[in-house]
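In what follows, residues are counted from 1 in the order of the sequence shown.
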Amino acid sequence: SLSTAIGYASASEKPNFILIGDLSFFYDMNALWMNNIGSNVRIFLLNNGGGEIFQTLPGFDMNSRTHQAVTGAHSTTAKGWALERGFTYLAANNQEELDEALPLFTHLEQSERPMLLEVFTDREEGVKYYKDYFHGLRKL
């Protein structure tokens with residue numbers, strides 16, 4: 001998905017915002033090797049340290065063995081990769097830092113380089129939010 005988004009953005013002059021999870025990003029981060037990534041690219045990376053979204057699958061028994069195999073738990077950040085590829089890197093570990101980073105992230109005229117905003121989220125909270133969201137959809 002990252003490769004597709006980067007390819008699309010390279011043929012576009014419009015702003016291209018990419019919302020992606022950590023595992024998807026790290027699996028496809030070689031897309032950043034393209035030499036012509038424009039300043040119109042903004043990657044919003046949600047990093048919860050693994051594929052915790054899999055815990056939201058109905059009927060899936062997430063025990064300690066399946067958790068280790070399925071979620072790909074990690075403690076990796078995209079900072080080094082983003083800086084090495086010429087991106088402006090921003091990080092947010094809480095709501096205040098996110099509120100501070102978002103105006104710069106969304107204002108395209110302020111940067112001549114592509115930008116990556118890595119938002120670190122809590123695993124358990126994320127699973128709860130996903131489940132609440134999907135349960136809420138069932139009530140519609």
Once rounded to the nearest 0.5 Å, what's the spacing between atom [atom1] of [X] and atom [atom2] of [Y]?
X: Phe44; Y: Leu90; atom1: CZ; atom2: CG; answer: 10.5 Å
X: Thr121; Y: Asn93; atom1: OG1; atom2: CG; answer: 10.5 Å
X: Glu100; Y: Phe105; atom1: CD; atom2: CZ; answer: 15.0 Å
X: Leu45; Y: Met29; atom1: CG; atom2: CE; answer: 11.0 Å

(request) Provide the closest heavy-atom pair for Ser12 versus Asn40 in the form atom of the first, atom of the second, distance. (result) O-ND2, 3.0 Å

Side-chain ([X]) to main-chain ([Y]) donor-acceptor, under 3.5 angstrom:
X: Asp122; Y: Asn48; result: no
X: Asp22; Y: Glu118; result: no
X: Asp28; Y: Ser3; result: yes
X: Ser24; Y: Ile20; result: no
X: Asn16; Y: Lys14; result: yes

Under a single-linkage definition using a 4.5 Å side-chain heavy-atom cutoff for Ile, Leu, Val, Met, Phe, Trp and Tyr, are [X] and [Y] assigned to the same hydrophobic cluster?
X: Leu46; Y: Phe17; answer: yes
X: Phe26; Y: Val119; answer: no
X: Leu83; Y: Leu2; answer: yes

(message) So if I apply the side-chain contact (heavy atoms from CB on, under 4.5 Å) rule between Phe25 and each of Leu32, Asn47, Ile18, which one comes out positive?
(response) Leu32

(message) Are more than 12 heavy atoms, taken from residues, nucleotides or ligands other than Glu13, located less than 6.0 Å from that residue's CD atom?
(response) no

(request) Count the heavy atoms of every other residue, nucleotide or ligand shown that sit under 6.0 Å from CG of Asp99, and state whether that count exceeds 12. (result) yes

Is there a side-chain contact between [X] and [Y] (heavy atoms, below 4.5 Å)?
X: Leu116; Y: Thr88; result: no
X: Phe87; Y: Ile37; result: yes
X: Leu117; Y: Leu104; result: no
X: Leu19; Y: Arg42; result: no
X: Met115; Y: Tyr89; result: no
X: Leu23; Y: Tyr27; result: yes

(message) If only side-chain N and O atoms count, and only distance matters, is there a donor-acceptor pair under 3.5 Å linking Arg113 with Ser39?
(response) no

(message) Is a donor from one side chain sitting under 3.5 angstrom from an acceptor on the other, for Ser10 and Asn36?
(response) no

